[in-house]
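Below you'll find the structure, written out as structure tokens, and then a few comments.
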2 protein chains.
Amino acid sequence: MPNACPEAEARYAEMLARVRASGLKLTPQRLAIARELAGDPTHPTAQELFERLRPGMPTMSFATVYNTLDALAAAGLCVSLSLSPGAARFDANMTPHNHAVCDRCGLVRDVPSCANGEPITEFAPCVNAAAPGFSLRAVERIYRGLCEACAADVPTAFRTRAGKPR
Amino acid sequence: MPNACPEAEARYAEMLARVRASGLKLTPQRLAIARELAGDPTHPTAQELFERLRPGMPTMSFATVYNTLDALAAAGLCVSLSLSPGAARFDANMTPHNHAVCDRCGLVRDVPSCANGEPITEFAPCVNAAAPGFSLRAVERIYRGLCEACAADVPTAFRTRAGKPR
DNA sequence: TGGATACTTAGAAAATTTCTCAGCTGCAAG
DNA sequence: CTTGCAGCTGAGAAATTTTCTAAGTATCCA
């Protein structure tokens, strides 16, 4: 039962409504993936979703996971995150927020936008000075560092490429 | 001759010195890759570097490109960027800066840190409220939107996943 | 100059993502 | 309720990106 918290339930309910509204068909596979995504703040990879859902839907294929995530993303219900090398992570939290990413284990944590969240328009001049004609849609902030567990256990040298313990 | 600008020459010279200082051996492959990287502000992928350098070094293998980029990164001379799905891009500009990334074609442009560049310490409380124990090393900003060329030629719907025209 | 060490090669392999297409299914219309 | 069909799924192959292995080669220090 992945959805204990009311926030996740609300997000899942909204996803259902918006999947229909987008003209996408409601299939068991989509429901399962949307529900799992909505209830998981760790931003799972396609692989992780597949492994978690497989026991309950043994016939589901890997391509379906990708197809579904693409469909959800196209409908604006989730986004694909490229925060570190390796597999993409998927995020159903569509409220503006940033991410803290562990350099060592690749862990991702949502970080609400700070108080000093400047409006996008404030960045435009700065961006356009460097990239003339660039039309700014969003500003994303990534906090890099070590998560609590990795910081507590730093061997001789720590790796820069994430997701590769050892 | 990839290095017309003095900035790139300076960066290349510093790379040479620091490659030695890191205990890394100076091989022709490393020199070529470091030079190409230092002179290219577009943050090439491993594939692009390989294709550019291959004519001058027909025996160079693909693995060497990756090995070298890893070695340079470990020595703090470049970083691997995961800005959009697909191949990683490599950046030899080690001064603090941000990136503008085109949603459509994947183009990357350096954007100097704006005047309102707050020190890292200002973000720490905000990050630690969401991720207790996270030790913050760096804050990275990504400007998402459309580059000039893509903005001028937006068909019906534009894609969110970069690097995939069509 | 010579030797230890680290690097390069080439190819295979692993990991991630996309594609193809045949068959099935949700769902809207009748 | 039944039907039709657009759109979805499943399975596997393929494409892309990155890593690994083994053996030969080059760099650099003494």
Side-chain angles (χ1 to χ4, degrees), chain A residues 16-17 19-34 43-51 53-54 56-75 78-90 106 159-166, chain B residues 16-17 19-34 43-51 53-54 56-75 80-90 106 159-166:
Chain A
L16 285 197
V19 164
R20 302 188 90 114
S22 309
L24 296 175
K25 287 186 179 172
L26 271 184
T27 67
Q29 294 83 353
R30 287 184 177 170
L31 297 187
I33 290 170
H43 310 322
T45 62
Q47 179 79 57
E48 285 165 359
L49 288 171
F50 180 65
E51 283 166 6
L53 298 173
R54 181 98 136 161
M57 306 186 84
T59 72
M60 187 173 63
S61 88
F62 214 88
T64 295
V65 177
Y66 278 104
N67 286 342
T68 299
L69 290 169
D70 280 354
L72 295 178
C78 74
V79 288
S80 158
L81 303 176
S82 304
L83 298 172
S84 50
R89 295 179 169 276
F90 295 86
R159 323 256 341 213
T160 295
R161 298 178 72 90
K164 307 263 207 53
R166 197 117 308 267
Chain B
L16 285 198
V19 164
R20 300 189 91 116
S22 307
L24 296 175
K25 289 186 179 172
L26 272 184
T27 68
Q29 293 85 354
R30 288 184 175 167
L31 297 187
I33 290 171
H43 309 324
T45 61
Q47 179 80 57
E48 285 164 0
L49 287 170
F50 181 65
E51 283 166 7
L53 298 173
R54 179 96 134 163
M57 306 185 85
T59 72
M60 188 174 63
S61 89
F62 213 90
T64 295
V65 177
Y66 278 104
N67 286 342
T68 298
L69 290 169
D70 280 354
L72 295 178
S80 158
L81 303 175
S82 305
L83 299 171
S84 49
R89 293 177 170 277
F90 294 85
R159 323 258 341 213
T160 295
R161 296 178 72 90
K164 308 265 207 54
R166 193 122 310 268

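Numbers restart at 1 for each chain; the letters A, B, ... are given by sequence-line order, proteins then strands.
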Whether each nucleotide of nucleotides 22-30 of chain D has a protein heavy atom under 4.0 Å at its base (B), only at its sugar-phosphate (S) or at neither (-) is summarised, 5' to 3', as -----BS--
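A donor-acceptor contact shorter than 3.5 Å links the side chain of Ser61(B) to the backbone of Ala63(B). Between the side chain of Glu51(A) and the backbone N or O of Glu48(A), no donor-acceptor pair lies under 3.5 Å.
Rounded to whole angstrom, the span from the CG atom of Leu69(A) across to the C1' atom of dT16(C) amounts to 13 Å. Atom CG of Leu49(A) is separated from atom P of dT9(D) by 14 Å (rounded to the nearest Å). Regarding Phe50(B), its CZ atom lies at a distance of 16 Å from the P atom of dT19(D), rounded to whole Å. Straight-line distance from the CZ atom of Arg54(B) to the P atom of dT8(C): 15 Å, rounded to whole Å. Between the CE atom of Met60(A) and the C1' atom of dA11(D) there is a distance of 14 Å, given to the nearest Å. Across the protein-nucleic acid pair, Leu72(B) atom CG and dT8(C) atom P stand 10 Å apart, rounded to whole Å. Atom CG of Asn67(A) and atom P of dT17(C) are 13 Å apart (whole Å). Separating the CG atom of Asp70(B) from the C1' atom of dA6(C) is a distance of 15 Å, rounded to the nearest angstrom.
For the pair Thr64(A) and Ile33(A), the tightest heavy-atom approach, listed with the atom from each and the gap, is O-CD1, 4.3 Å. Minimum interatomic distance between Ser22(A) and Ala75(A) (heavy atoms only, all atoms of both residues): OG-CB, 3.4 Å. Scanning all heavy atoms of the two residues, the minimum distance from Leu69(A) to Cys78(A) falls at O-SG, 3.9 Å. For Leu72(A) against Val19(A), the heavy-atom pair with the smallest separation is CD2-CG2, 3.9 Å. Nearest heavy-atom pair across Arg89(B) and Gly106(B) is NE-O, 4.0 Å.
Dashed line: the shortest gap from a side-chain N or O of Ser61(A) to OP1 or OP2 of dT9(D) is not under 4.0 Å. Remark: Thr59(A) is in phosphate contact with dG10(D), judged by side-chain N or O atoms under 4.0 Å from OP1 or OP2. Neither OP1 nor OP2 of dT19(D) sits under 4.0 Å from any side-chain N or O of Tyr66(B). Neither OP1 nor OP2 of dT17(C) sits under 4.0 Å from any side-chain N or O of Gln47(A).
The 5' end of DNA chain D is approached more closely, in terms of each residue's nearest nucleotide, by Gly86(B) than by the other of Ala63(B) and Gly86(B). For the pair Phe62(A) and Thr64(B), nearest-nucleotide mapping onto DNA chain C gives the more 5' position to Thr64(B).
Counting only heavy atoms from C-beta on, Ala87(B) has its side chain closest to dT18(D) among dT17(C), dT9(C), dT18(D). Here dT17(C) is the nucleotide among dT17(C), dC7(C), dC20(D) with the atom lying nearest to any side-chain atom of Ala88(A).
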